[in-house]
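These values consider heavy atoms only, across backbone and side chains, with no hydrogens, waters or symmetry-generated copies.
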Amino acid sequence: MMNQKRIAAFKLLSGLVRFIGALSKLWLLGLIVLFFMMETGPHLRVEYTYRGSGEYRTYIRCTYLGARGFQTIYPDTGQCSVIAILNTKGGN
């Protein structure tokens with residue numbers, strides 16, 4: 001009787017481990033889906049307009065590319081980072 005309980009417990013534990021193993025194979029796909037579903041995410045600067053030269057640039061307009069397409073912002077501070085976390089509905 002005791003052996004049957006142990007066997008049942010090990011079967012349950014084995015099924016749980018297999019389930020976790022199957023989920024671990026899908027984590028990358030889950031991250032990709034999440035990347036395209038979120039409103040806020042990383043964007044790469046692909047185009048910009050500035051005044052000045054060298055180290056003294058004042059950025060006027062910056063266009064970023066993210067999961068939901070291009071997004072143009074007009075920075076108040078005159079600075080545009082190469083990679084920015086932007087909200088697709090409202091800019092910064």
Tell me, please, which residues at least two apart from Tyr56 pass side-chain contact (heavy atoms from CB on, under 4.5 Å).
->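 By the side-chain contact (heavy atoms from CB on, under 4.5 Å) rule, Tyr56 matches no residue at all.
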
Using side-chain contact (heavy atoms from CB on, under 4.5 Å) as the criterion, list what pairs up with Arg68, not counting sequence neighbours.
->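 Checked Arg68 against side-chain contact (heavy atoms from CB on, under 4.5 Å); matches are Thr88.
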
Salt bridge (charged side-chain N to carboxylate O under 4.0 Å, His left out) contacts in which one or both residues fall within residues 50-66, not counting sequence neighbours |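 Those involving residues 50-66 are Glu47-Arg61.
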
Are any non-hydrogen side-chain atoms of Thr63 and Tyr48 less than 4.5 angstrom apart?
->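 No; the side chains remain at least 4.5 Å from each other.
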
Sort and list the pairs that fulfil disulfide (SG to SG under 2.5 Å) and have at least one residue in residues 12-51, not counting sequence neighbours.
->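 As it turns out, there is no disulfide (SG to SG under 2.5 Å) pair with a partner in residues 12-51 once direct neighbours are skipped.
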
Partner set under side-chain hydrogen bond (donor to acceptor under 3.5 Å, both in side chains) for Arg45, not counting sequence neighbours |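 Per chain and number, Arg45 pairs via side-chain hydrogen bond (donor to acceptor under 3.5 Å, both in side chains) with no residue.
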
Is there any side chain to side chain donor-acceptor pair (under 3.5 Å) pair reaching into residues 21-43, and which pairs are they, with sequence neighbours excluded?
->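 Checked against side chain to side chain donor-acceptor pair (under 3.5 Å) - neighbours excluded - the pairs reaching residues 21-43 are Glu39-Lys89.
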
Other cluster members, Phe70 - Ile/Leu/Val/Met/Phe/Trp/Tyr, side-chain contacts below 4.5 Å |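 Other cluster members: Val46, Leu65.
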
Hey, what else clusters with Tyr74 if you join Ile, Leu, Val, Met, Phe, Trp, Tyr whenever side-chain heavy atoms sit under 4.5 Å?
->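 Its cluster mates, by chain and number: none.
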
Single-linkage hydrophobic cluster Leu28~Phe35, side-chain heavy atoms < 4.5 angstrom |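 Same hydrophobic cluster.
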
Shared hydrophobic cluster for Phe36 and Leu34 (ILVMFWY, side-chain gaps under 4.5 Å) =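 As far as the 4.5 Å side-chain criterion goes, Leu34 and Phe36 are not connected within one cluster.
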
Nearest non-hydrogen partners of Pro75 and Ile60, listed with the distance |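 Where Pro75 meets Ile60 most closely, the heavy atoms are CD-O, 3.5 Å.
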
Please set out all donor-acceptor pairs under 3.5 angstrom arising from side-chain atoms of residues 76-83, sequence neighbours excluded.
residue : atom : partner : partner atom : Å
Thr77   : OG1  : Gln79   : N            : 3.4
Ser81   : OG   : Ile83   : O            : 2.9

Distance in Å, [X] [atom1] paired with [Y] [atom2], rounded so as to fall on 0.5 Å steps:
{"X": "Arg6", "Y": "Lys11", "atom1": "CZ", "atom2": "NZ", "value": "15.5 Å"}
{"X": "Met38", "Y": "Asn87", "atom1": "CE", "atom2": "CG", "value": "9.5 Å"}
{"X": "Leu12", "Y": "Ile7", "atom1": "CG", "atom2": "CD1", "value": "14.0 Å"}

